[in-house]
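Chain letters run A, B, ... following the sequence lines, proteins first, then strands; residues in each count from 1. Just so it is clear, the structure is predicted and the values come from calculations on it, not from any experiment.
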Amino acid sequence: MEQTRFDIQYAALRSAIIEREFESLNDRQREAVFHTEGPLLVLAGAGSGKTTVLIQRIINILRFGRGYSCEFAPETATEDDLFFLREYLRHPTEQDRMRAELLCAVQPARPWQILAITFTNKAAKEIQQRLEHAVGEEFARDIWASTFHSACVRILRRNCEAIGYDRSFTIYDADDQKRVLTAIIKNKKLDDRVFDVRAVAGIIGRAKDNLQTPRKFALEAGDDYYQSTIAEIYKDYARQLKESNAMDFDDIIMKTVQLLQGNPEILEHYQHQFRYVLADEYQDTNHAQYVLISLLAGGYENICVVGDDDQSIYKFRGATITNILEFEQQYTHAKTIRLEQNYRSTQNILNAANELIRNNACRKGKELWTDNGNGTKIRFHRSETQEGEAEYIAETILDGFSEGNRWGDYAILYRNHVLSNNIESACKRNSIPYRIVSGLRFFDRAEVKDMLAYLWVILNPADDLRLKRIINVPARKIGNKTVETASILAEQHQTTLFDIVSHASEYPELGRASAALEKFANLIFDLQKMLEYMPLDEFYEQVMAHTGYLAALEAKGDYESQGRIENTMELKSNIAEYAERAQTPTLGGFLEEVSLFTDIDRMDADADAVVMMTMHSAKGLEFPNVFLVGMEEGIFPGFRAVEKDEDLEEERRLCYVAVTRAKKQLYLTCAERRMMYGRTQYSKPSRFLEEHPKDFVDSNIMETKREALEKQDLQLNPKFYSKRAHDISGNIHKHNKATAAKNQASIKAIDLKPGDQVDHKAFGHGMITSCRPMGGDILLEVSFDRVGTKRLMAKSAMNFMTKQ
DNA sequence: AATCCGGTTCTTTTT
DNA sequence: GAACCGGATT
């Protein structure tokens with residue numbers, strides 16, 4: 001076919017009109033949006049509008065198809081159309097828009113032909129919602145915007161019979177997985193210190209990430225004792241899961257790949273269906289996910305991967321940065337687009353990030369820039385102790401609050417959770433509202449898992465694993481011994497544990513316990529009956545009541561149980577919310593959803609509070625003011641990561657991620673000594689601080705830093721160090737002196753008594769209602785006019801408070 | 001079945 | 001230092 005003059009005119013008008021639709025994007029972004037056909041790699045720096053591009057690209061594909069990239073006019077096109085488009089471009093009106101759009105569209109995709117794959121539910125949901133907003137709910141509903149896991153589960157539920165699974169397979173989480181493995185290791189009479197469950201689970205998980213079957217793994221292990229034993233465990237584990245018709249998270253991906261590879265007709269079906277495949281956070285994909293994407297996109301090869309090699313921080317979970325680095329080799333005709341304009345941070349912050357990441361050898365290379373202006377310099381603070389560090393942070397936040405910042409404008413990020421302890425107490429002391437994004441997620445909490453286990457068992461009594469979890473929770477006189485005997489009986493009789501339990505009296509081996517067992521079985525039967533005629537949330541309450549779970553928690557009555565009760569109630573609202581949302585709510589539907597769910601989703605919805613979390617969890621988020629704490633050698637980079645360049649680079653990427661979370665102000669803090677693992681450690685400032693550009697860091701800090709560096713040789717000898725510390729630490733010392741003086745003054749000023757009127761920098765005017773001596777300090781209760789009653793420790797509060 | 005004691009361990013964790 | 005686990009004790 002040859003392009004005619006008509007075609008050329010048409011194509012020019014078409015691109016002008018389409019470009020108009022996406023005029024809010026920058027050139028690079030637009031380029032990515034319009035490159036719809038063929039492989040595309042988008043290297044999207046932090047804060048460069050990656051999600052926007054992903055979404056706009058989908059919108060473009062839905063509305064205009066390959067319109068922009070098409071050089072030919074539609075066969076039905078007439079001179080009239082050309083005229084219309086020209087007029088529309090001159091005077092675009094809302095009435096004409098639809099027709100113009102239709103004339104510009106070439107093979108627009110149907111929603112279900114688009115697969116947009118992400119790692120988190122949150123990201124999937126965001127894409128879904130923004131698309132709903134843009135193209136309407138009905139349209140957006142059919143787009144496959146989902147996580148790797150939910151997309152795979154969806155494929156598996158349809159087709160898993162082809163690989164010998166029942167459609168109703170259950171999903172084992174990390175905890176279930178560990179239980180099974182522990183049992184296997186015990187069963188094999190292996191030393192559980194040599195074969196640590198966590199390590200074994202990790203190795204098996206990595207094997208699955210690499211698509212290694214137990215057989216392949218055994219082959220590779222050869223006669224190496226450790227490896228070949230793990231191969232044995234892996235084999236047993238796989239067999240056991242298969243028998244229970246269960247898959248773990250890694251299976252979900254691996255089995256999908258196996259399904260597609262082993263069944264050409266199924267593969268073809270999906271390859272044909274997915275005309276456009278988009279993958280987010282591509283730098284975090286593992287080998288299995290890479291193969292999966294390649295398979296699914298194998299039909300049209302309209303594959304767009306978006307990611308940032310500099311933000312790859314999940315190697316320890318099997319992610320291989322190779323996938324993104326070698327994309328251009330995999331698809332030789334791939335187009336690569338770099339998004340380097342940053343819309344989030346100030347240039348100072350970006351300079352720091354650029355300088356830092358430049359120290360990495362293994363990267364594609366990118367340089368972030370912004371037209372947001374330079375902003376304020378990065379601030380560095382080194383305190384003597386971890387308490388000092390925490391206090392500095394609290395003071396800084398209080399200062400900021402009194403200047404009009406909101407608590408939620410602050411985030412405190414750390415390398416690992418333990419570092420949050422002191423900061424948490426400093427926040428408590430200073431009445432700073434804070435929220436810790438904890439390592440333990442809602443759905444991992446014991447009480448939540450217990451209740452979910454009940455629901456699973458009610459739905460599917462054959463679920464031995466979960467039955468074992470709750471059969472004696474709360475205690476109902478069914479001891480471990482009894483459960484063990486019953487399990488053995490189940491194995492002997494080739495039946496399920498529940499089957500034995502429900503017919504306990506037929507087995508003399510169970511002796512006196514059989515009454516309790518049958519009682520339990522009847523409980524489950526009763527609940528099953530209730531499920532048939534009750535709304536889900538009401539049913540859940542019945543489960544709480546009849547199992548005695550709620551009563552047991554209430555009976556304990558301590559503070560911890562109170563929290564647990566709240567958590568189980570929270571689960572109830574989850575169920576209620578699901579029941580309302582789903583078209584045909586079922587218990588199974590809810591459990592399925594929950595098993596692929598984490599609770600990061602509700603992170604942002606909550607009240608105004610300082611957020612504390614690990615640097616890992618901060619990925620993808622942004623905050624006006626960010627503290628990076630514990631910037632010390634041995635902590636960040638961690639002592640494990642300094643040996644191998646590869647690990648150090650990942651650590652540096654983590655630092656890059658952390659730095660680029662800040663929009664306006666970045667604070668870097670560290671302490672000279674810190675209590676860790678029960679001993680006091682002296683550490684030098686992190687090398688990552690050195691790698692920040694000097695000119696962009698607050699100047700008095702640089703002095704501090706130089707002094708800190710001078711100390712480095714000394715600190716190998718702690719005695720010498722402590723002797724000299726006072727003489728050489730000029731700036732730090734001065735600062736601490738000042739703080740000390742302030743504290744002295746404030747302790748003197750503690751002649752406070754109830755009834756005194758005070759002015760607080762952040763909370764305003766108030767009256768002291770009580771004073772209680774506490775650990776060399778005084779706990780004040782102050783009733784503030786504006787913010788109500790607060791409890792403050794006098795020493796630190798006096799830095800912000802004056803007596804009238 | 002609950003509690004206590006001692007020993008052990010201590011990155012990060014999107015599903 | 002704290003949290004968690006397993007074994008022993010009550």
Over 12 non-hydrogen atoms of neighbours within 6.0 angstrom of CG in A/Asp191: yes

Within 6.0 angstrom of A/Lys188 NZ, more than 12 heavy atoms from elsewhere: yes

Set of residues satisfying side-chain contact (heavy atoms from CB on, under 4.5 Å) with respect to A/Glu126, sequence neighbours excluded: A/Thr51, A/Arg130

Any residue meeting side-chain contact (heavy atoms from CB on, under 4.5 Å) with A/Ser168, in chain and number order, not counting sequence neighbours: A/Asp166, A/Asn245

Gap separating the NZ atom of A/Lys50 from the CD1 atom of A/Ile55, nearest 0.5 angstrom: 10.0 Å

Straight-line distance of A/Thr614 OG1 to A/Asn416 CG, nearest 0.5 Å: 9.0 Å

Residue whose closest nucleotide on DNA chain B lies nearer the 5' end, A/Leu654 versus A/Lys477: A/Lys477

Let me know the distance between [atom1] of [X] and [atom2] of [N], rounded to the nearest Å.
X	N	atom1	atom2	value
A/Asp250	B/dT14	CG	P	13 Å
A/Arg415	B/dT12	CZ	P	7 Å
A/Ile313	B/dT12	CD1	P	13 Å
A/His417	B/dT11	NE2	P	12 Å
A/Lys208	B/dT13	NZ	C1'	17 Å

Ring geometry between A/Trp144 and A/Tyr270 (parallel below 30°, tilted from 30 to 60°, perpendicular above 60°): perpendicular

Contacts under 3.5 Å, N or O only, protein and nucleotides 5-10 of chain B:
none

Please output the side-chain donor-acceptor pairs of residues 634-641 of chain A that fall under 3.5 Å, not counting sequence neighbours, one pair per line with the distance.
none

Looking only at side-chain N and O atoms, does [X] come under 4.0 Å of OP1 or OP2 in [N]?
X	N	result
A/Ser617	B/dT13	yes
A/Thr614	B/dT11	no
A/Asn480	B/dA1	no

Selection residues 193-202 of chain A - residue pairs positive for salt bridge (Lys or Arg N to Asp or Glu O under 4.0 Å), sequence neighbours left out: none

Distance between P atoms of B/dT13 and C/dC4 (Å, rounded): 16 Å

Below 3.5 Å is the cut-off: list the nitrogen or oxygen pairs between protein and nucleotides 2-7 of chain C, distance only.
none

Assigned glycosidic conformation for B/dT12 [threshold 90° from 0]: anti

